[in-house]
Amino acid sequence: MLSQFTKVCRCGIATSAMKQINKVTVIGGGQMGAGIAQVAAAAGDQVTLVDVNDSVLQNSEKTILKSLERVVKKKYAESPEAGSAYIEDIMDRISTNTDVMAASKDVDLVIEAIVENLGVKQELFKKLDGIASSNTIFASNTSSLPIREIAKATNRLDRFGGVHFFNPVPLMKLVEIVKAPETSQATFDTLTKWGKKLGKTTVSCQDTPGFLVNRLLVPYLMEAVRLYERGHGSKEDIDVAMKLGASYPMGPFELADYVGLDTCKFIIDGWSELEPDNPLFKPSPLLNELVAEGKLGRKSGEGFYTYKK
Ligand SMILES: CCCCCCCCCCCCC[C@H](O)CC(=O)SCCNC(=O)CCNC(=O)[C@H](O)C(C)(C)COP(=O)(O)OP(=O)(O)OC[C@H]1O[C@@H](n2cnc3c(N)ncnc32)[C@H](O)[C@@H]1OP(=O)(O)O
Ligand SMILES: NC(=O)c1ccc[n+]([C@@H]2O[C@H](COP(=O)([O-])OP(=O)(O)OC[C@H]3O[C@@H](n4cnc5c(N)ncnc54)[C@H](O)[C@@H]3O)[C@@H](O)[C@H]2O)c1
């Protein structure tokens with residue numbers, strides 16, 4: 001049987017066609033998953049947000065609501081009633097679920113934003129592949145892992161791509177769309193169209209380490225921490241220097257705390273394993289120490305800096 005994702009051209013040969021994404025399951029209710037769910041629902045998609053932990057999902061709903069309130073304060077400054085209706089409309093399109101299998105059975109797209117660990121992501125997609133419709137496209141929001149390696153856990157390499165959002169998702173304008181070697185053109189086009197529907201600018205990436213942005217950003221952040229470890233500048237001065245001297249909105253230490261130091265460590269550990277001789281990817285003793293102490297940045301209340309809870 002031909003799937004919806006396949007059309008027959010006049011010559012009678014089955015070809016893949018771009019499809020419309022309207023129903024989305026987002027797996028992982030942390031900072032990225034909540035943001036992706038928000039922007040997808042704001043663009044009109046029916047969204048189910050999934051996490052293994054119900055208290056995370058309650059928190060995600062609060063985060064989305066808070067973010068929408070900030071959006072509305074600007075967008076509907078003159079009309080608070082229209083603002084409330086806008087929020088209600090979006091929140092109505094988002095449901096939450098801790099049952100990943102039930103939530104992924106009959107949707108157009110499953111996008112994963114769980115912990116940055118290859119084995120955990122592969123295990124998730126292997127299970128999903130068994131229950132999701134053959135029409136469903138799978139995508140990962142990974143920051144640093146090869147899309148093809150994650151996709152290999154499934155039998156749908158052609159319907160698997162990377163969709164890399166940036167933090168905070170509601171404000172950051174870019175999405176990297178990653179075409180792994182077996183990602184079909186139809187899947188790539190569908191994901192690109194979806195990124196644009198969400199109001200983002202998309203760039204096309206090959207499945208190379210860090211895609212475009214992180215291949216440049218990770219060495220920069222690692223150089224900042226090494227500068228500090230060598231005692232060549234305080235973290236406060238380095239942050240001020242990059243904000244005022246290079247016009248970055250956040251300094252490197254502020255940004256690492258914002259991203260989450262556990263995620264930063266997962267990324268650099270993975271890359272240093274892949275290329276142990278590359279000095280740019282050498283792990284940082286200070287980053288390791290902070291993560292071992294549970295200091296994960298803003299989300300845990302302390303990282304390079306301390307935050308009010
Ligand atoms: C040094 C350590 C080294 C170790 C690390 C090594 C490993 C490397 C790790 C790499 C990680 C990669 C991660 C990932 O794959 C890729 C990324 O996502 S990288 C992160 C990209 N993001 C950024 O670079 C963000 C930079 N920061 C900013 O752009 C801004 O600071 C900000 C976040 C937009 C916040 O702006 P501010 O002006 O500072 O703060 P305000 O609170 O005043 O906000 C301004 C304005 O925006 C509204 N707003 C803020 N947040 C939200 C939201 N979530 N939703 C809706 N609206 C929001 C806010 O209301 C304000 O509106 P206004 O009042 O102005 O009308
Ligand atoms: N933090 C960033 O700035 C950023 C930016 C772009 C991409 N990413 C990528 O997005 C992904 C998520 O990052 P984050 O910062 O949102 O992490 P996070 O720690 O905030 O959230 C991850 C969530 O996934 C949940 N989870 C873990 N395993 C799960 C499973 N098997 N099934 C369902 N839920 C599960 C956890 O309970 C947690 O709530 C990572 O791959 C990361 O590299 C992060």
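Whatever order the structure lists them in is the order used to number ligands and atoms, beginning at 1. Basis for what follows: all heavy atoms, side chains included, without hydrogens, waters or symmetry-related copies.
The nearest heavy-atom contact from the protein to atom 1 (N) of ligand 2 is V259 O, 2.9 Å. If you check which protein heavy atom lies closest to atom 41 (O) of ligand 2, you get E116 OE1, 2.5 Å. Nearest to atom 8 (N) of ligand 2 among the protein's heavy atoms is S143 OG, 3.1 Å. Given atom 22 (C) of ligand 2, the protein heavy atom at minimum distance is A113 O, 3.8 Å. The closest protein non-hydrogen atom to atom 6 (C) of ligand 2 is F165 O, 3.1 Å. Scanning the protein heavy atoms around atom 29 (C) of ligand 2, the nearest turns out to be I114 CG2, 3.6 Å. The protein non-hydrogen atom at the shortest distance from atom 20 (O) of ligand 2 is Q31 N, 3.1 Å. Regarding atom 10 (O) of ligand 2, its nearest protein heavy-atom neighbour is N141 ND2, 3.0 Å.
Looking only at distances, no side-chain donor or acceptor of Q206 sits under 3.5 Å from a matching main-chain atom of T208. Side-chain atoms of T48 do not come within 3.5 Å of backbone N or O of S95 as any donor-acceptor pair. Put simply, the side chain of R156 gets close to the backbone of T136: a donor and an acceptor are under 3.5 Å apart.
Distances shorter than 4.0 angstrom occur between a heavy atom of V56 and an atom of ligand 2. For the pair H164 and ligand 2, a heavy-atom separation below 4.0 Å is found. Contact analysis leaves G260 out of contact with ligand 2, as no non-hydrogen atom separation drops below 4.0 angstrom. Note on ligand 2: F166 sits outside its first shell, no heavy atom being nearer than 4.0 Å.
Set against the non-hydrogen atoms of T263, the atoms of ligand 2 under 4.0 Å away are 42 (C), 43 (O). The contact set between ligand 2 and I27, taken as ligand atoms under 4.0 Å from a residue heavy atom, comprises 32 (N), 33 (C).
Screening V175, I177, I111 for a side-chain contact (heavy atoms from CB on, under 4.5 Å) involving L191 leaves a single residue, I177.
Residue contacts with ligand 2: N167 is placed with a nitrogen or oxygen under 3.5 Å of a nitrogen or oxygen of the ligand (distance criterion only). Ligand 2 has a nitrogen or oxygen under 3.5 angstrom from a nitrogen or oxygen of M32. Geometrically, ligand 2 and D51 share a nitrogen or oxygen pair separated by less than 3.5 Å.
If you look at F304 and Y228, their ring centroids are not closer than 6.0 Å. Centroid-to-centroid, the aromatic rings of Y305 and Y258 stay 6.0 Å apart or farther.
Across all non-hydrogen atoms, the minimal contact from F253 to A224 is CZ-O, 3.5 Å. In terms of heavy atoms, D129 sits closest to N155 at OD2-N, 2.6 Å.
Linking Ile, Leu, Val, Met, Phe, Trp and Tyr residues whenever their side-chain heavy atoms come within less than 4.5 Å leaves L124 and I137 in two separate clusters.
Within the 4.0 Å heavy-atom criterion, neither part of L145 lies near ligand 2. Residue K121 touches ligand 2 through its side chain alone, judged by heavy-atom distances below 4.0 Å.
To the nearest 0.5 Å, atoms OG (S104) and NZ (K127) are separated by 10.5 Å. I94 contributes atom CD1, which lies 5.0 Å from atom CE of M91 (distance to the nearest 0.5 angstrom).
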Between ligand 1 and the protein, which N/O pairs fall short of 3.5 Å?
residue, atom, partner, partner atom, Å
ligand 1, 15 (O), S143, OG, 2.7
ligand 1, 15 (O), H164, NE2, 2.7
ligand 1, 15 (O), N214, ND2, 2.8
ligand 1, 18 (O), N167, N, 3.0
ligand 1, 22 (N), N167, O, 2.7
ligand 1, 42 (O), R70, NH2, 3.0
ligand 1, 51 (N), R70, NH1, 3.4
ligand 1, 55 (N), S67, OG, 2.6
ligand 1, 60 (O), R70, NE, 3.0
ligand 1, 62 (O), K74, NZ, 3.3
ligand 1, 66 (O), K74, NZ, 3.4

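Taking a 6.0 Å sphere around CD of E236, one finds it holds more than 12 heavy atoms contributed by other residues, nucleotides or ligands. The number of heavy-atom neighbours closer than 6.0 Å to NZ of K299, taken from other residues, nucleotides and ligands shown, is above 12.
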Go through it in stages, so that I can follow the logic: the residues are K121 and E116, the test is salt bridge (charged side-chain N to carboxylate O under 4.0 Å, His left out), and I'd like the CA-CA distance, side-chain angles, deciding distance and then a yes or no.
CA-CA 8 Å; K121 288 188 195 282; E116 187 72 349; 3.6 Å; yes
Would D189 and K193 count as a salt bridge (charged side-chain N to carboxylate O under 4.0 Å, His left out) if you check the C-alpha gap in whole Å, the side-chain angles of each, and the deciding distance to 0.1 Å?
CA-CA 6 Å; D189 292 344; K193 190 173 163 201; over 6 Å; no
